[in-house]
Amino acid sequence: AIVEVVSGYPIGSTTVLPAQAANTVLANNTGSSAAPAAVALAASELLGRGPAGNIAPITLGANLAITGTELNTIGGGAAGWVPIKTVTASNSTTVDFVNGSGGVVIDGTYRAYAVIIANMVPQTDGSNMLSRTSTNTGSSYDAASGDYYSFVFGGTSGSSTSQGSASTTTTGIRLSAISGTGTSTGEAFNSTVIFFDPSNSTKYKSISSTSAYYNADAAACFENGITVRRTTSAVDAIRFLMDSGNIASGTFTLYGLASA
């Protein structure tokens, strides 16, 4: 009699496949025709073809890391700012960057993080842009009076007198404290916000910002700001929002500063 066989087992048979070792893949890893064998994979290893052409575990290089199920670059071997993610606002209540979500990394991978805000237009004329941080991956954002100590210095083209604003009771990182942002044709807000060593778990978090925009009073405005988030807990999420209304439009790009 002729018995049809598929993958070594007769069709219609009730043969039970043997148990397979944990974290292994059955593959022919010899480079030639042979029965499959178990190929073990350690944490953060990939399965691919090795230098001899055989199937083998692939170990990540120094500039690669796996976050969840995503493979991310971490610097490309050279020092500098590495783009992580861009979010385009569209009548958005907030713009959030959360460690481990959507390819975002905010941890010890980089020594500093920056967000560049380009051509942001608010929904409400004269509103101000804020940023807040989280220490529980975005479950809540710190917004109590005194969470942030800040000083902002700047001026506008409408006055030759510079202005300063200091506070120990702010509920967020003030990015447009000198003058409100505008919604008229041509008006837009731009800023670079740097978060230094946010994953540090023993020191308060320092943040600096430089903003340039055409404000709600039809004047050019420039601001430099420094803020200290008074927590020693690691920051793992960053939020941007207006103090009134939504973010009508604009792009927000998160970067990480890689060491050589």
Side-chain angles (χ1 to χ4, degrees), residues 79-89 92 94-97 104 106 110-122 126-133 141-142 147-168 170-183 186-198 200 203-230 235 237-243 247-259:
W81 290 104
V82 180
I84 298 172
K85 184 174 184 177
T86 295
V87 176
T88 300
S92 306
T94 64
V95 171
D96 298 342
F97 295 100
V104 171
I106 303 177
Y110 299 101
R111 57 183 177 176
Y113 291 81
V115 176
I116 293 182
I117 305 169
N119 294 323
M120 189 286 300
V121 177
S127 57
N128 295 288
M129 169 143 278
L130 302 172
S131 180
R132 288 174 177 154
T133 62
Y141 287 84
D142 306 313
D147 279 349
Y148 307 86
Y149 281 15
S150 67
F151 178 76
V152 178
F153 176 84
T156 74
S157 60
S159 172
S160 60
T161 303
S162 59
Q163 304 175 53
S165 175
S167 178
T168 58
T170 53
T171 60
I173 301 162
R174 302 182 298 161
L175 303 179
S176 60
I178 299 298
S179 181
T181 57
T183 60
E187 295 179 350
F189 173 85
N190 300 274
S191 185
T192 299
V193 190
I194 300 177
F195 299 81
F196 297 94
D197 197 13
N200 188 295
K203 300 288 190 289
Y204 288 171
K205 309 305 178 290
S206 296
I207 303 104
S208 70
S209 61
T210 300
S211 302
Y213 55 103
Y214 199 71
N215 67 15
D217 298 321
C221 186
F222 166 79
E223 295 184 28
N224 272 341
I226 58 96
T227 301
V228 171
R229 170 64 187 104
R230 299 177 65 248
V235 166
I238 300 166
R239 165 170 286 180
F240 293 89
L241 70 160
M242 308 306 298
D243 63 358
I247 303 170
S249 59
T251 60
F252 296 71
T253 302
L254 175 69
Y255 293 83
L257 182 60
S259 301

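For the numbers below, each heavy atom of this structure counts, side chains included, while hydrogens, waters and symmetry mates do not.
L257 CG to F196 CZ: the interatomic distance, rounded to the nearest 0.5 Å, is 9.0 Å. In this structure, CG on L241 lies 9.0 Å from CG on D96, to the nearest 0.5 angstrom. For the atom pair I116 CD1 and I194 CD1, the distance stands at 8.5 Å (nearest 0.5 Å). Atom CZ in R174 sits 11.5 Å away from atom CG in D243 (nearest 0.5 Å). Between the OH atom in Y149 and the OG1 atom in T170 there is a gap of 9.5 Å [rounded to 0.5 Å]. One distance of note links OH of Y110 with CG of D197; it measures 15.0 Å at 0.5 Å rounding.
Scanning all heavy atoms of the two residues, the minimum distance from P122 to T183 falls at O-CG2, 3.1 Å. Minimum heavy-atom separation, G180 to N128: CA-OD1, 3.5 Å. Residues R132 and T171 share a closest heavy-atom pair of NE-O, 2.8 Å. Looking at every heavy atom in both residues, M242 comes nearest to I247 through CG-CG1, 3.8 Å. Taking every heavy atom of both residues into account, C221 and N215 meet most closely at CB-ND2, 4.1 Å. Heavy atoms only, all atoms of each residue included: V104 and I84 are closest at CA-CG2, 4.0 Å.
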*asked:* Applying side-chain contact (heavy atoms from CB on, under 4.5 Å) to I207 and V228, what does each step give before you reach the verdict?
replied: CA-CA 6 Å; I207 303 104; V228 171; over 6 Å; no
_I'd like to know whether F252 forms a side-chain contact (heavy atoms from CB on, under 4.5 Å) with I238, so could you lay out the CA-CA distance, the side-chain angles of the two residues, the decisive distance to 0.1 Å, and finally the verdict._
CA-CA 11 Å; F252 296 71; I238 300 166; over 6 Å; no
*asked:* With side-chain contact (heavy atoms from CB on, under 4.5 Å) as the criterion, how do M129 and I117 come out once you've worked through the C-alpha distance, each side chain's angles and the decisive distance to 0.1 Å?
replied: CA-CA 11 Å; M129 169 143 278; I117 305 169; 3.8 Å; yes
*Evaluate side chain to side chain donor-acceptor pair (under 3.5 Å) for S211 paired with S191, printing each intermediate quantity in order.*
CA-CA 4 Å; S211 302; S191 185; 2.8 Å; yes
*Report the C-alpha separation of E223 and S209 in whole Å, then their side-chain angles, then the decisive distance to 0.1 Å, and conclude whether the side-chain contact (heavy atoms from CB on, under 4.5 Å) test is met.*
CA-CA 8 Å; E223 295 184 28; S209 61; over 6 Å; no
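Aromatic ring pairs are classed by plane angle as parallel below 30°, tilted from 30° to 60° and perpendicular above 60°; the pair F240 and F97 is perpendicular. In this structure, Y213 and F189 have tilted ring planes: the angle between them lies in the 30° to 60° band. Below 30°, between 30° and 60°, or above 60°: for F151 and F153 the angle between ring planes is below 30°, a parallel geometry.
R229 pairs by the salt bridge (charged side-chain N to carboxylate O under 4.0 Å, His left out) definition with D142, D147, not counting sequence neighbours.
Taking 4.5 Å as the limit, every side-chain heavy atom of K205 sits out of range of all side-chain heavy atoms of T133.
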